[in-house]
Protein chains: 2
Amino acid sequence: MAASDYPKPSVTVDVVIITLRAEELQVLLVKRDLAPYKGRWAVPGGFVHLDESLETAARRELHEETGVADVYLEQLYTFGDPGRDPRGRVISVAYIALVPAPLTVEAGSDAREARWWSLSKLPPLAFDHDKMVQLALTRLRYKIEYSAVGFRLLPECFTLSELQKAYEIILGEPLDKRNFRRRIMEAEVIEPTDDIRAGEGRPARLYRFRRDAVAEVKARRLFP
Amino acid sequence: MAASDYPKPSVTVDVVIITLRAEELQVLLVKRDLAPYKGRWAVPGGFVHLDESLETAARRELHEETGVADVYLEQLYTFGDPGRDPRGRVISVAYIALVPAPLTVEAGSDAREARWWSLSKLPPLAFDHDKMVQLALTRLRYKIEYSAVGFRLLPECFTLSELQKAYEIILGEPLDKRNFRRRIMEAEVIEPTDDIRAGEGRPARLYRFRRDAVAEVKARRLFP
DNA sequence: GCTAATTGGTGTTATCTCAACACTAAGATA
DNA sequence: TATCTTAGTGTTGAGATAACACCAATTAGC
C-alpha cells in the first residue's frame with residue numbers, strides 16, 4: 001500500500017522545558033486558549049511542518065516560547081495512544097529541553113499565557129501531558145547521575161556551590177561538598193575562569209562548562 | 001489551527017527484532033518487494049492503523065513476521081528527517097524486540113523473503129535502517145548492564161552457563177564464572193527449577209526468569 | 001577597626017565493592 | 001575404570017567510595 005493511500009494521524013512535537021528557579025525544578029507550561037482542554041495548562045508544542053525535521057520542529061517551538069536557541073534538547077518518547085487527543089488521532093513526539101536559570105519567558109507571539117510551574121506543584125494538565133512531564137523528570141534524574149547535563153540548567157558561569165546546589169535539587173538529596181568537588185573536577189567537564197564572584201561570605205571562583213568535554217555518558221557514574 | 005487542516009506526514013512503526021542464534025546476535029530483516037529500495041533488506045514495519053496504539057502496531061508487525069506474542073518490546077527512537085523516505089514525509093517510530101533463541105521465522109503472510117542476519121555482517125539496508133539497527137544494538141548493550149533484559153533472548157528454561165554465554169556475546173567480552181553467578185543470584189531475577197539438563201559433562205540445573213522480579217533498572221549495575 | 005557571621009575551599013581514613021583466582025563434583029565416553 | 005567434559009563453589013587483595021573537620025576570605029554589625 002502506498003503511503004499516500006493510508007489514513008494518516010497528525011504529528012506534533014511537544015517540548016518539556018525544564019529549568020532551575022527559586023531552588024527548585026520548574027517546567028514551562030502554556031495555557032490553552034482553544035478547545036480541547038481550553039483553559040488548561042499544557043506542555044508547549046505544535047504540528048510538525050512537512051519540510052522540517054522533528055528536532056527542528058522542537059527547536060522552533062522552544063524558540064517561540066522562550067526566545068532561546070542553542071539549548072540542550074533530547075528526544076524523550078513518542079506518545080501515540082488513540083484517544084489521547086479528542087480531535088482525532090494525534091501522535092506526539094516529546095522532547096526534553098534544559099534551559100539556563102535566569103530566563104524570562106517571552107510573551108508568546110500568539111498571546112497565550114505562559115509561566116513556570118514548580119514540578120512539585122503542577123496544575124491539572126491537558127491531554128496526557130502529566131505522564132509526559134513525569135517521564136521527563138525521571139529521565140533527567142537518571143541522566144544527571146552519569147552524564148553532565150546538569151550544567152545546562154545553569155548560566156554560563158557559576159560557582160561550585162551553585163552547581164552542587166543544582167545537583168542536590170535535581171537528585172533530591174544532599175551531597176558531600178568535598179566528594180562532590182573531587183568528582184566534578186575528576187570528570188573534567190568544567191574549568192575555572194579568571195573571575196571571582198563576591199557576595200556574603202568569602203568570594204567564590206567562577207567556573208564554566210568545558211565545551212570540548214565529552215560530557216555525555218561517562219563510563220562511571222558521577223554520583224553513585 | 002485544527003489538526004485536520006494540516007498537511008500530515010505518514011507514520012510507521014519499525015521493529016528491530018533481535019535474537020541470539022549460532023552464538024551471535026542476529027536481527028530479522030525482510031527483503032522489500034516494492035519500491036522504494038526494492039530488493040533491499042529492511043527492518044520489518046508498516047503503517048500505524050488509526051485505531052491502534054503504537055505499541056499495538058509494533059506487536060502486530062512482530063507477530064506477522066515471527067508468529068510470536070508476549071515478547072520484550074520497547075520503544076527505541078522516532079526517526080523523522082524529511083527525505084528519509086523518497087515517497088514523501090514518513091515518520092517512523094522504531095521499537096526494539098528481544099525474542100527467545102530457537103525461533104523459526106514464519107513464512108511472511110505477504111510472501112516477502114525474511115531471514116536472520118548477523119549483526120556483524122549486515123547487508124546494505126533500506127532507508128535509514130542502518131542507523132536504526134545500530135541504535136538498537138547500542139541500547140541493548142547499554143541496557144543489559146543494569147537491567148535484566150538478557151533473559152528475553154533465551155528460552156524459558158536455561159542453564160547458568162547458557163545465560164553467561166548470552167551475556168558474553170552481547171557485551172562482547174568474557175565474564176568470570178563465579179562473579180557472574182554471584183551477581184545474577186544477588187540480583188534475584190532468576191530462580192532454580194526442579195529440572196536438570198544432561199549433556200556432555202556434568203548435568204546442569206535449569207533456571208527460569210522470575211516473573212515477579214523487578215527486572216528493570218536495578219539501582220546498581222549488574223556488570224560494571 | 002574589631003568581632004562575629006557567612007560562605008569558600010581543602011585531605012585523610014575506614015569501609016565497602018569489585019575483580020582475580022583454582023579446585024572438587026557429576027555424569028558421559030572410551 | 002580411567003579420562004574427559006562441563007557444573008558448581010569462597011576467599012582475598014586492590015581499588016573505589018563515603019564519611020568526616022578545619023582554616024580562609026570576605027561582609028555585616030557593633
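In this text, all values refer to a predicted model and were calculated from it rather than measured experimentally. Below, chain A is the first sequence line, B the second, and so on; all start at residue 1.
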Handout entry: side-chain contact (heavy atoms from CB on, under 4.5 Å) involving A:Leu25 - partner list, sequence neighbours excluded
Key = A:Ile18, A:Leu20, A:Leu119, A:Leu137, A:Leu140, A:Leu153, A:Ile169, A:Ile170
Between [X] ([atom1]) and [N] ([atom2]), how many Å, whole number?
X: B:Glu186; N: C:dC18; atom1: CD; atom2: C1'; answer: 11 Å
X: A:Asp195; N: C:dG8; atom1: CG; atom2: P; answer: 16 Å
X: A:Asn179; N: C:dT10; atom1: CG; atom2: C1'; answer: 12 Å
X: A:Ile184; N: C:dG9; atom1: CD1; atom2: P; answer: 14 Å
X: B:Arg197; N: C:dA28; atom1: CZ; atom2: P; answer: 15 Å
X: A:Asp176; N: C:dG9; atom1: CG; atom2: P; answer: 15 Å
X: A:Arg182; N: D:dC20; atom1: CZ; atom2: P; answer: 14 Å
X: A:Arg183; N: D:dT17; atom1: CZ; atom2: P; answer: 6 Å

Practice task
Decide, yes or no, whether a salt bridge links A:Glu65 with A:Arg60 under the criterion of side-chain N to carboxylate O below 4.0 Å.
Solution key: no
Handout entry: B:Ser118 and B:Ser120: side chain donor to acceptor below 3.5 Å
Key = yes
Practice task
Using distance alone, with no hydrogens and no angle criterion, decide if A:Glu24 and A:Gln26 have a side-chain donor and acceptor under 3.5 Å apart.
Solution key: yes
Which protein N or O atoms sit under 3.5 Å from an N or O of nucleotides 6-9 of chain D?
| residue | atom | partner | partner atom | Å |
| --- | --- | --- | --- | --- |
| D:dT6 | O2 | B:Arg202 | N | 3.1 |
| D:dA7 | OP1 | B:Ser161 | OG | 3.0 |
| D:dA7 | OP2 | B:Ser161 | OG | 2.7 |
| D:dA7 | N3 | B:Arg202 | NH1 | 3.2 |
| D:dG8 | OP1 | B:Arg205 | N | 2.9 |
| D:dG8 | OP2 | B:Arg181 | NH1 | 3.2 |
| D:dG8 | N7 | B:Lys177 | NZ | 2.7 |
| D:dG8 | O6 | B:Lys177 | NZ | 3.1 |

Completion exercise
By side-chain hydrogen bond (donor to acceptor under 3.5 Å, both in side chains), A:Arg32 pairs with (sequence neighbours left out) none
Problem - Aromatic ring proximity, centroids under 6.0 angstrom, B:Tyr37 and B:Phe127 - result: yes
